[in-house]
Structure formats: structure tokens, C-alpha cells
Amino acid sequence: MLKKLKDTLQTNAEELYIKKQLSGKSLNLPLNFSKVLAEVKKILVIPSSVNGGILNSAVIVKKLKDRYPNSEIRISVPNNWASLVSKFNGVEMTIGNWNTDAVWSDRYNSQIKAVTEWGPDLLIRLGSKTSIKDNYGCVVAGAKLRLCYLPQDLTSSFWNMTFVKNLTGLSDFSIGTALLEAIGIRDNESPKNRIGAFRHVFESEFQQSEEMAIAVDAENLLNSLGKKIFNEIIDVLEKHNYKIVMVMGLARPSTVSYLMKEYGVTASIHSATDMLSIGSVLFRCSVAICGVGELLHWANAVGTATICMGTVLEGVERSVLEEEGIFVISSNKQMDKKLSILIGKLDTIVEQDHPVFKLE
């Protein structure tokens, strides 16, 4: 309750701050779009704030570089992503200097200053309602042409072009390709299922395991389902002889201690804040069992087959998630029924090289 109140107060403060920054600015001056697009030399890509969204932007950056081979492309990400996105094909450098744990006004001001000084010709903001948080900072800057998908964005009056179209799936990849199509960059290579941007960027550095390993979103599922149900899930996986890799980010010490004590012998427990490390672990696993959260987006971006044990994301139909290879087990199912569905789906994935999931 207190966390929700704190988040609401911070969001309100951020909105007031950005509205103040926007006041007095000349927005959406008349443009000759054909002329502006022909003269693009500097491109800024703003991924969504979820980790999987940042990774999926690699594909969008590549398409932009193919279209504008002589352009300089920069990307706005936290400092702990800088070494990773530097490997994206086409990225010259990141922009701004900011940490996710920094005071939000300092973070915004750093981006605003850096973007304003650089002066991009084309600014593209990725993100859907399921993948973007309240990160308005670096859009408050001058750019000749600005593209955005979210028509209800707080800064919508700032954008030259907002894109209104029914799009499917979790990833920013679908948002990005739609925005690129709006400026004449066609998409002829979209896979029908999981995006797998991680595979395109880092496949040469990491080899997939031949062993059938299951990544479990340990922190999220443990906190959302409780110890009893979480333990039942792990128990049934162990009985079916699956290798289990428990993945956590910045988990509470008590959570890590519990998992180590309970499963340290029978499961591999991976806890890291390094983004590349988390991606490489998911890449080596055949399936990820997730709740609703960061790991779900990560698995989507890595290309790992995914089973979502959480409630369906707000505003996203279950049939929509199927398009990106995400199987959703209904929250209203009895636990024994859920476990039966889970094992049945895992068995199906084992037997298929390229699973296309059908919702129950």
C-alpha cells in the first residue's frame, strides 16, 4: 500500500516536472517530411524502460542503419546497459549519463541536456502500454522529426507524429517496426514468433545448452504466488527430471537465503545484476516459466519459449501473447490443473524445435 502511494506521488511529481519543461516550447512546427527524412544524419532511439525492450531495440537500430548508412545513431539507456548496447549493429554511442537508481530529476536533466546539445534529426520513442514506464525525460529536447506510438503519452503534444494502430504482443519490436513503416522503412523479415534479438547480437559469444533446462522466475513467482504454490511448482518439475535454473535480479536477502536453503542442492540459482549475464542464462535454457515482470520481457527478447504463470497483462489479450510464443496459464485454474497444464506444455516444447503455442 505504501509503495503504491509512493509510486503515485512520484509519477505525479514527474508529470508536473515535464509539463513545466514543455511549457513555453514551440511544439510541432510545420515540416516538409520528405525533405527532413532525406536529410537525416543524427538518430536517437529511446527504448522502453523494460530490459527486454532495450534488447529488442537492437533490431530497430539495425534497420535504421541499413536505411541511413551514413547516419550517427545514439541510444538512451542507463549506464549499466552501455557496454551491452555498444555491440548493437549501428549504435555509435549512448547519450546522457544516468543510473536507474539516481534521483529522477537529475536523470531527466542529464538526458535533456545531452539530447539538446546533440540535436538529433530523428527521434524515435519505442514502447507499448505493457512495456513502458513513466520515463519522459529525454523526449523534452529539440529534434526535427519525432515519432511516438502512444497517443495518450503525457508528452503527446511534443511529437510530430503519434502512431495509432492496434498492435499485438509484448515487445517493442512490433512498435518499432510500425513506426519505421510510417516513415517508409518496410519490414520484410519479422518472425511470427519470439523475436530473439539477443540471438542476433550475441549468438557467437554464447552457445545454447543441449540439455533441457528450465529457467524459473524465482523472485517474481515466489513473491506473487507464495512459498506453498512456488514449492509445488518446483516439486513437480523435479519429479519430471527437469534441470532447474532459478533466475533473480536484485532479490531480497531473505528470498535468496530461502532459495539457497530449500533448493541449493537440486537447482542452479542464478542471481546477477549484469544484463548480459541474465540474457546468457536465459539463452541457454529451453523454456522460461515467468510471472508478469521483467523476466517475461527478457525471455521474449532472448527468444526463449515462455510460459506465463501470472495473470494476463493489463490490456493484452491472451491470444495476442500467443503470437510471440508466450503460453498463459489462467489464474483462475485450480493449482493441480495448472501443474498438469504446465507439464503437458513443457513436454510439448521438448518435442518441438519451433513451438507455436495454442492456448487452452
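Under the 4.5 Å side-chain criterion, counting only non-hydrogen atoms from C-beta, F163 is not in contact with I175. Proximity of I214 to C285: side-chain heavy atoms (C-beta onward) are nowhere separated by under 4.5 Å. Residues L346 and Y242 form a side-chain contact, since some pair of their non-hydrogen atoms from C-beta on lies under 4.5 Å apart. The shortest distance between side-chain heavy atoms of I234 and I244 falls below 4.5 Å. A heavy-atom distance below 4.5 Å is found between the side chains of M335 and E232. Looking at L179 and L126, their side chains come closer than 4.5 Å, going by heavy atoms from C-beta outward.
In terms of modelled atom types and a separation under 3.5 Å, the side chain of S71 and the main chain of Y68 share a donor-acceptor contact. Remark: side-chain polar atoms of S110 are not paired, donor with acceptor, to backbone N or O of D106 under 3.5 angstrom. For N223 (side chain) and E219 (main-chain N/O), a donor-acceptor pair under 3.5 Å exists by modelled atom type. Checking side-chain atoms of N28 against main-chain N and O of S157 turns up a donor-acceptor pair under 3.5 Å. A distance-only check finds no donor-acceptor pair linking the side chain of N300 to the backbone of L296 [under 3.5 Å]. Judged by distance alone, the side chain of T116 and the main-chain N or O of I112 form a donor-acceptor pair under 3.5 Å.
Annotation for A218 and L259: closest pair CB-CD1, 3.8 Å, computed over non-hydrogen atoms. Between T94 and R74, the shortest heavy-atom distance links the atoms O-CD, 4.3 Å. Closest of all the heavy-atom pairs between P47 and S76 is CD-O, 3.3 Å. Pairing each heavy atom of W118 with each of I43, the nearest pair is CH2-O, 3.4 Å. L222 and Y258 get closest at one heavy-atom pair: CD2-CD2, 4.0 Å. Here the closest heavy-atom approach between residue I233 and residue M309 is recorded as CD1-CE, 3.6 Å.
Rounding to the nearest 0.5 Å gives a distance of 13.0 Å between NZ of K35 and CG of L145. Going from atom CG of L27 over to atom OG1 of T155 covers 9.5 Å, rounded to the nearest 0.5 Å. In this structure, I329 CD1 and I307 CD1 are separated by 5.5 Å, a value rounded to the nearest 0.5 Å. Here I60 contributes atom CD1 and N56 contributes atom CG; the two are 8.0 Å apart, rounded to the nearest 0.5 Å. Considering OG1 of T306 and CD1 of I326, their distance stands at 5.5 Å, rounded to 0.5 Å. Atom CG of N89 sits about 11.5 Å away from atom CG of L64, to the nearest 0.5 Å.
With sequence neighbours excluded, no residue satisfies side chain to side chain donor-acceptor pair (under 3.5 Å) with K19. Remark: K261 pairs with no residue by the side chain to side chain donor-acceptor pair (under 3.5 Å) rule, at least two apart or across chains. Among residues two or more places apart in sequence or in another chain, the side-chain contact (heavy atoms from CB on, under 4.5 Å) test is passed with D66 by K62. Checked against side-chain contact (heavy atoms from CB on, under 4.5 Å), V91 has the following partners two or more places apart in sequence or in another chain: V61, I75, F88. Here K65 pairs with E92 under the side chain to side chain donor-acceptor pair (under 3.5 Å) rule; sequence neighbours left out.
Every pair passing ring-ring contact (aromatic ring centres under 6.0 Å, His included) that includes a residue from residues 6-49 is listed here, sequence neighbours excluded: Y17-W104.
Figure legend: cation-pi geometry between R125 and Y149 absent, as NZ or CZ is not positioned both under 6.0 Å from the six-membered ring centre and within 45° of its axis.
With respect to D121 and K42, no salt bridge is recorded, no charged nitrogen being found less than 4.0 Å from a carboxylate O.
Under the 4.5 Å side-chain heavy-atom criterion for grouping Ile, Leu, Val, Met, Phe, Trp and Tyr, M93 is not connected to I124 through any hydrophobic cluster.
Between W81 and W298, the two ring planes are parallel [angle under 30°; tilted spans 30° to 60°].
Heavy-atom neighbours of K144 NZ from other residues, nucleotides or ligands within 6.0 Å: at or below the threshold of 12.
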